[in-house]
Amino acid sequence: MSQKIYKVPEDFAALAHLRQADYQRLYQESVRDPNSFWARIGRRLDWIQPFAKVKDTSFDEHDFRIRWYYDGKLNVAANCLDRHLTKRGDKTAIIWEGDDPKLSEHITYRQLYERVCQCANALKSLGVKKGDRVTIYMPMIPEAAVAMLACARIGAIHSVVFGGFSADSLAGRIADCGSSVVITADEGIRGGKRIPLKTNVDLALTMPNTDCVKHVLVARRTGIRVPMYAARDRWFDDVVNSQPKECAPEVMDAEDPLFILYTSGSTGKPKGVLHTSGGYLVYAAMTHELVFDLREDDIFWCTADVGWVTGHSYVVYGPLANGATTVMFEGVPNYPDCGRFWQAVDKHKVTLFYTAPTAIRALMREGEEPVKEWSRSSLRLLGTVGEPINPEAWEWYHRVVGDGRCPVVDTWWQTETGGILISPLPGAIDQKPGSATLPFFGVKPAIVDNEGNTLEGACEGNLILTDSWPGQMRTVFGDHQRFIDTYFKTFPGRYFTGDGARRDEDGYYWITGRVDDVLNVAGHRLGTAEIESAMVAHPSVAEAAAVGYPHDIKGQGIYVYVTLIADAQPSEALRTELRDWVRKEISPIATPDLIQWAPGLPKTRSGKIMRRILRKIAANEHDQLGDISTLADPSVVENLVRERMNRP
Ligand code: 6R9
């Protein structure tokens, strides 16, 4: 833990939306009287029918409800586009920066409005109606944002699936929500490598329960020839470009669904996290304005892919609701070289820059030279998200990337929370490297021990939230009971984040990482259960246990213990085969870093795998195995330790 405090720079605070006293006053107001606080904030949107009711929430299992602005009506796309046209029609809405540094494109609010209306009309022409699901499996090209907003415009529920996911993962997500349309591209291109998106869609649609899909729209990205099935597939441009450039927005209830986004949990298949319209947009817009201290002429760059929640809230919805200019980046931080981010910062005069700790650590390893080659003088604020940032990486980001001038906002939140919950407000809250600092308005965090007792003052334990905020997820699509069981049962009546946290003497929160069976690998959430079930699907594998272990760049690496069936022999070839197998079953992001052959796994007498022990072995902390008295067969652990220690 770093003891260092970085005071809010005076010149920054002088121009900031909020200063220290404002934070204290508004925070108190927001928790004392959430109804009037959020009513005022809610009016920042354009409502077709203004809301009179604001907050109606209870986390009590027997009286469960989460509703915000629930008698209001609005359209999210109209809030992101139409209402900006008079003042900002010619302002750039999206700056697209291609994988190839020579490619970029500026799209104004008016152009984006027209493209979205055309795409909305195209979806309507395919029979898509309010409440229907549309899966978006695309590279980071403007059509991805257009497709999302087009769904919002007609009240269809989008489900964006990250382009790095395999055909199997895509098929599962299509089947789970019953999409009638898939929007994709011929190929994606990232770091110079091509990703066969259309081929993956074709394969996915041969898999079980995907016959809900009636149409596939294919955007041209690389122009490669892909098979087109006449009854099903259409080129995006062919269907969209001929459509009228006006499309009346669908009138949506505040609580009508906006999107589903699948995320890994500690058990079973990924959950379809469902967000609704009014509260989500209010929350995304407000956090985007205040956490990044947004001004009219800012150029905001969040490097996340729209396949993740960060891309939803801070590439698309938050910035566009605020009438900001948002950068959409197709590439990766180290292609064509490690100066890529900073070259693009200079090229587009980026002022606010938001990325993941894993990217910072990877660039840090390459030294200061590739950063210093670029001026970065436009930058005035830096942000991070996705995983705990170690103080060394924070300091490097601040000192080298920000030249010591820019506040750093370490923002803690989740797919489930819709927007940032714990973060410094850059003009109001002093920063400590490695701490997400203090809760945003209306957010009531608490720390509890494993029995659910609330801990006071400086302490460490499980991070929970005791009350609702407008951006909170409303349900797991198609499985409301799973929503309640997952988040509100561990500590009854309170939302359990799955994260551990420490609170220091100043009330600052330090997120320590997941305390459940979820891994955070390079900022990507992966369930150990998903990796294990992919592994045991291989014919040679009898049993598998996946755990995380400390990894310099990725934060956590994936360590899998594998028990083979009796006929199979351990070999390097099989190890490679198993790694490739998981890549194909889930995604390259789920590739195991280390596979250890395990003739047996440590289990309790009731047959539960003791992951706590496996984590310690993977981390090379053999002297801290803790209580092993409940083990059915202690020799199993001795064998595993010996094997681990023998590794080079
Ligand atoms: C937005 C996003 C959520 C999990 C979360 C936590 C970790 C995110 C963090 C952080 C420490 C931060 N996490 N931000 N941990 N400091 N600033 O990442 O959503 O993909 O759902 O992941 O990521 O463990 O529970 P998601």
Side-chain angles (χ1 to χ4, degrees), residues 1 160-162 164-165 259-266 270-275 280 283-284 287-288 291 302-315 317-318 354-361 382-391 393-394 397 408-424 431-440 443 445 462-465 471-473 476 486-487 490 495-503 508-528 548 554-556 587 589-590:
M1 172 194 162
V160 183
V161 177
F162 174 55
F165 276 118
F259 66 83
I260 300 166
L261 186 56
Y262 287 87
T263 192
S264 298
S266 45
K271 296 183 283 277
V273 168
L274 185 115
H275 282 285
Y280 170 79
Y283 199 76
T287 48
H288 178 252
V291 172
C302 164
T303 66
D305 192 285
V306 291
W308 310 110
V309 73
T310 308
H312 283 59
S313 300
Y314 301 111
V315 175
Y317 288 115
Y354 190 34
T355 197
T358 189
I360 298 167
R361 287 191 297 264
L382 303 171
T384 75
V385 60
E387 51 179 319
I389 182 163
N390 46 314
W394 194 106
Y397 197 32
V408 173
V409 292
D410 172 0
T411 66
W412 174 84
W413 58 296
Q414 311 178 298
T415 305
E416 294 88 337
T417 72
I420 295 163
L421 294 196
I422 303 182
S423 166
Q431 300 129 47
K432 299 185 190 182
S435 170
T437 75
L438 298 174
F440 192 73
V443 174
N462 303 294
L463 182 65
I464 60 157
L465 299 155
Q472 184 170 24
M473 75 181 280
V476 170
T486 307
Y487 301 101
T490 320
Y495 171 87
F496 179 37
T497 63
D499 280 325
R502 212 165 54 68
R503 191 171 50 216
Y508 275 41
Y509 288 86
W510 301 71
I511 313 298
T512 51
R514 302 292 302 197
V515 293
D516 55 7
D517 289 324
V518 171
L519 307 184
N520 193 325
V521 180
H524 301 316
R525 261 170 84 164
L526 291 165
T528 51
K554 299 199 274 191
Q556 275 191 308
S587 160
I589 60 182

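Indexing begins at 1, ligand by ligand and atom by atom, following the structure's order.
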**Message:** Within this structure, what is the CZ-CD distance for the pair Arg525 and Gln414, rounded to the nearest 0.5 Å?
**Reply:** 6.0 Å
**Whether Tyr487 and Tyr495 hold their rings parallel, tilted or perpendicular, with breakpoints at 30° and 60°** = parallel
Backbone or side chain, does any N or O of [X] fall under 3.5 Å from an N or O of ligand 1?
X: Thr497; answer: no
X: Asp499; answer: yes
X: Thr263; answer: no
X: Glu416; answer: no

Could you tell me, atom by atom, which parts of ligand 1 come under 4.0 Å of a heavy atom of [X]?
X: Thr411; result: 9 (C), 12 (C), 14 (N), 17 (N)
X: Val309; result: 1 (C), 19 (O)
X: Asn520; result: 7 (C), 23 (O)
X: Val385; result: 1 (C)
X: Asp410; result: 12 (C), 16 (N), 17 (N)
X: Thr310; result: 1 (C)
X: Thr415; result: 19 (O), 20 (O), 21 (O), 26 (P)

**Message:** Between Tyr280 and Phe259 (judged by ring centroids, cut-off 6.0 Å), do the two rings come close enough to count as a pair?
**Reply:** yes
**Request:** Give a yes or no on whether the ring-centroid distance for Trp413 and Tyr314 is below 6.0 angstrom.
**Result:** yes
**Prompt:** Is Trp413 near ligand 1, meaning one of its heavy atoms is under 4.0 Å from it?
**Reply:** yes
**Prompt:** How about Thr411 and Tyr354: does a side-chain donor come under 3.5 Å of a side-chain acceptor?
**Reply:** yes
**Heavy-atom side-chain proximity of Ile464 to Phe496 below 4.5 angstrom** = yes
**Asked** Would you say the side chain of Tyr283 lies within less than 4.5 Å of the side chain of Leu421, judging by non-hydrogen atoms?
**Response** yes
Return the closest protein heavy atom for [atom] as residue, atom name and distance.
atom: atom 14 (N) of ligand 1; value: Gly386 N, 3.1 Å
atom: atom 20 (O) of ligand 1; value: Arg525 CD, 3.7 Å
atom: atom 12 (C) of ligand 1; value: Glu387 O, 3.5 Å
atom: atom 11 (C) of ligand 1; value: Pro388 N, 3.1 Å

**Message:** Working note: Ile360 + Ile389, criterion side-chain contact (heavy atoms from CB on, under 4.5 Å); need CA distance, chi angles, decisive distance, verdict.
**Reply:** CA-CA 9 Å; Ile360 298 167; Ile389 182 163; 4.0 Å; yes
